[in-house]
Amino acid sequence: MDVKVMKENKIKILLYGYININVMDGSAVFITGFADMLSQSPNLEIDFVIANPIYRDILIQPLFEKENVNIISPYSDKNILMLKPDLKNRNRMTHREAADVLSYYWTQKEYDWLIIRGMEVVEHLAETNPQILKNTMTYVTGITHEGQIFTKEKEEKIEKVFKNSAYLLCQTIEMKQYLLHRFPDFLKNTEIIHLNPMIPDTVDDFIEVFEEKEKYTKLCYTGKFDVGWNSIPMITAFRELLDEYPEISLAVAGDRFNINKQHPHYVEELKYLLQNTKNLDWYGALPRNEVRSLIMTSDIGITWRDKRMDSSLELSTKLLEYGSLGKAVVMNPTKMHIKLFGEDYPLYAETMDDFIQCVSKVIEDPKLYRQAAERMFEVSKKFTYSETLKRFLPYLINGRYERFFQENHLKIPENLEEQLKATADFPYIYENLDDSKSVLIINYINKIANVKEHILLCSKYGVLSKNQKVGNIVLTLVNRTDNDEHANLVENLGNSIFDDLLSNITVQKNSQFNVQQLKTHGHLLYSDESNSDSLSTKHNLKNRIKELEIIEKKYKALASSKLGKLTIKYWNFKKKFR
């Protein structure tokens, strides 16, 4: 029999984000997570150009272990340093320099795609190397909420990027709809891909990750610290909850503090509360696997933000990560959240009183907790790496299957590419081919179960003849036979194509999580471990007490509902340092 072993059809991607991956924030988690997601397909080759020299590998370290991810640092590349010698002693590039560096790397290999997060870099490429945009997927940044106003100059730059990029990428359906409404003339010929926030794969069934308890009392927050993220109100509300539920705890991870010009003491105040709140453990910045470990040992995730953030067109990755690990989450009732999680989700909070009531409800009612956690899990598992890759791959293959049809003298099914992009609802079966003796089956394979299902499906029609894989998408030509399904299956299991199908298996889900012992920052009065803007140890005791008085005034305003009790505790603590 003429059996043709599956051809490798590598897709080469040059990836860049104008993002400092040394800093633990949402952008850095996104770009490293995106590279990780792409690496799940063994037939994708990713060259990841970093925007800053690496001095902390907290996020990028897992990528060094990926065989199909190559980390490129322009700051140590001799060829780049010959062109831009001053980069050797710098820790960042300008947008124009980043565009020049990417133009250089693009010429060094036959890449299929340039994927960029950083609109300003693409704006420079549009001026200096417009041809490259024909193969560029541009992740839209800088457009964050409805009603945003742009200058005429900025709109002209946006127009050039939108009109000339091969595709635009955006995080949410809401963002896509807003772009189409706001910039209709710029997007007549450019398709927008909904690239959802993505999270590592966990398990398939809620029961595998859910932990039954009599009481759920462990709160968890991971992320940055910012006025809009309700960082101080979150701790204030937790302190108030402690009066009612002294057994509760709050685990916090992160070390990025956004300075607020309207509140010059914001960082010092927040750090004081982080380090001097009973039952609160602050772990600083953690690698993603340790963050997941921290979430696993907690019960209630927190993504409650200031109401002014409700118009945001972005969806929190952390919210999804809590959910994928079987945790209930307190969040704002935004239009996006209600659309995803339903109007009847029980833990929506706008005010501090709402937040306190939500936490109190699930502490008092473990059945309600389970209901919320299960809703979170079922929604969040749609955003895993494997599910995201399945939806994204049809755009990456972009006609790669055409040669397969030509070599086998077959006509490409009408609207095949559009159908794959629209639904990614595998498998696709085409029985009415020009060659009536064959059946074409297009499938997505990334785990053992997929291989089993694919072989069984093929065996219903006949025996494996020819295959081609593009990413994790497999095109299988099956020769019809008069044999029964069992006989076809026996022959197919001995076929060399079956062995190659197994090479697509990369995502192994495991319900056994490695829960680690993590170190905290401790309960110190002040610490400058994580940020250079921490209060200097050179400040004398009077200055410290003065800062504490500022905190006290803000704290009183936030916790007025139980002011007397809290104030006594607070001042008693402060007297120890007089």
Side-chain angles (χ1 to χ4, degrees), residues 1-11 40-45 68 204 386-387 389-391 393-394 396-509:
M1 180 183 295
D2 176 25
V3 175
K4 190 172 184 181
V5 175
M6 185 182 300
K7 286 188 174 182
E8 297 290 343
N9 202 344
K10 301 285 187 181
I11 297 173
Q40 306 300 308
S41 173
N43 297 312
L44 300 183
E45 292 182 356
N68 56 340
D204 291 318
S386 57
E387 289 299 312
L389 184 60
K390 184 190 296 186
R391 292 188 288 267
L393 265 175
L396 294 177
I397 66 175
N398 200 31
R400 282 296 194 91
Y401 47 77
E402 291 178 2
R403 192 173 70 178
F404 179 81
F405 285 90
Q406 292 168 0
E407 289 178 349
N408 293 288
H409 309 291
L410 298 172
K411 183 180 179 181
I412 299 176
E414 189 176 351
N415 300 323
L416 172 61
E417 187 169 325
E418 289 73 17
Q419 189 175 11
L420 288 173
K421 291 176 180 177
T423 63
D425 187 18
F426 298 96
Y428 295 95
I429 303 170
Y430 298 94
E431 297 187 53
N432 300 319
L433 301 176
D434 299 341
D435 174 10
S436 59
K437 296 179 181 179
S438 302
V439 176
L440 175 67
I441 299 176
I442 302 176
N443 218 335
Y444 177 85
I445 293 177
N446 77 326
K447 53 185 177 179
I448 288 287
N450 298 148
V451 177
K452 177 183 175 182
E453 292 163 4
H454 187 67
I455 289 294
L456 289 173
L457 179 60
C458 291
S459 298
K460 288 181 179 180
Y461 294 94
V463 295
L464 304 174
S465 173
K466 297 178 182 179
N467 274 15
Q468 179 172 323
K469 60 183 178 182
V470 188
N472 284 60
I473 295 175
V474 176
L475 294 87
T476 304
L477 201 61
V478 179
N479 286 343
R480 294 180 185 271
T481 71
D482 294 327
N483 300 329
D484 62 24
E485 183 178 337
H486 177 74
N488 290 335
L489 178 61
V490 171
E491 185 167 347
N492 286 335
L493 290 176
N495 195 313
S496 56
I497 290 175
F498 173 68
D499 295 329
D500 280 344
L501 285 171
L502 295 174
S503 68
N504 262 30
I505 299 167
T506 55
V507 179
Q508 297 297 331
K509 298 179 182 179

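Numbers here simply count residues along the sequence, with the first being 1. In this text, all values refer to a predicted model and were calculated from it rather than measured experimentally.
Looking only at side-chain heavy atoms (C-beta outward), L477 and L410 come within less than 4.5 Å of each other. Counting only heavy atoms from C-beta outward, the side chains of L389 and L44 approach each other to under 4.5 Å. Looking only at side-chain heavy atoms (C-beta outward), P42 and N472 come within less than 4.5 Å of each other. Looking at heavy atoms from C-beta onward, T476 lies out of side-chain contact with I497 at the 4.5 angstrom threshold. No side-chain heavy atom of Q40 sits less than 4.5 Å from a side-chain heavy atom of N446.
Remark: side-chain polar atoms of N488 are paired, donor with acceptor, to backbone N or O of S459 under 3.5 angstrom. Checking side-chain atoms of N68 against main-chain N and O of N43 turns up no donor-acceptor pair under 3.5 Å. Remark: side-chain polar atoms of N492 are paired, donor with acceptor, to backbone N or O of L464 under 3.5 angstrom.
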> Which is it for R480 and V439 under the side chain to side chain contact (heavy atoms under 4.5 Å, CB included) test, yes or no, and what are the steps along the way?
Replying inline: CA-CA 7 Å; R480 294 180 185 271; V439 176; 3.4 Å; yes
>> One pair to check against side chain to side chain contact (heavy atoms under 4.5 Å, CB included): L416 and I442. What are the steps and the verdict?
In response: CA-CA 10 Å; L416 172 61; I442 302 176; 3.8 Å; yes
>> For a side chain to side chain contact (heavy atoms under 4.5 Å, CB included) check, start with the C-alpha distance between L457 and I441, then their side-chain angles and the critical distance, and finish with the verdict.
In response: CA-CA 9 Å; L457 179 60; I441 299 176; 3.8 Å; yes
>> Assess the residue pair I429 and Y461 against the criterion (side chain to side chain contact (heavy atoms under 4.5 Å, CB included)); give the C-alpha distance rounded to whole Å, side-chain angles, the decisive distance to 0.1 Å, and a yes or no.
In response: CA-CA 11 Å; I429 303 170; Y461 294 94; 3.8 Å; yes
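Residue K466 holds its NZ atom at 8.5 Å from OG of S438, rounded to the nearest 0.5 Å. We find the CD-CZ distance between Q468 and F405 to be 9.5 Å, quoted to the nearest 0.5 Å. Atom-to-atom distance recorded for N495:CG and I455:CD1 is 7.5 Å, nearest 0.5 angstrom. Rounding to the nearest 0.5 Å places CD1 of I412 at 10.5 Å from OH of Y430. Rounding to the nearest 0.5 angstrom, the gap separating the SG atom in C458 from the CZ atom in F498 is 11.5 Å. Here CD of E485 is found 6.5 Å from CG of L456. Values are rounded to the nearest 0.5 Å.
Contact record, I473 with Y444: CG1-CD1, 4.3 Å, taken as the closest heavy-atom pair.
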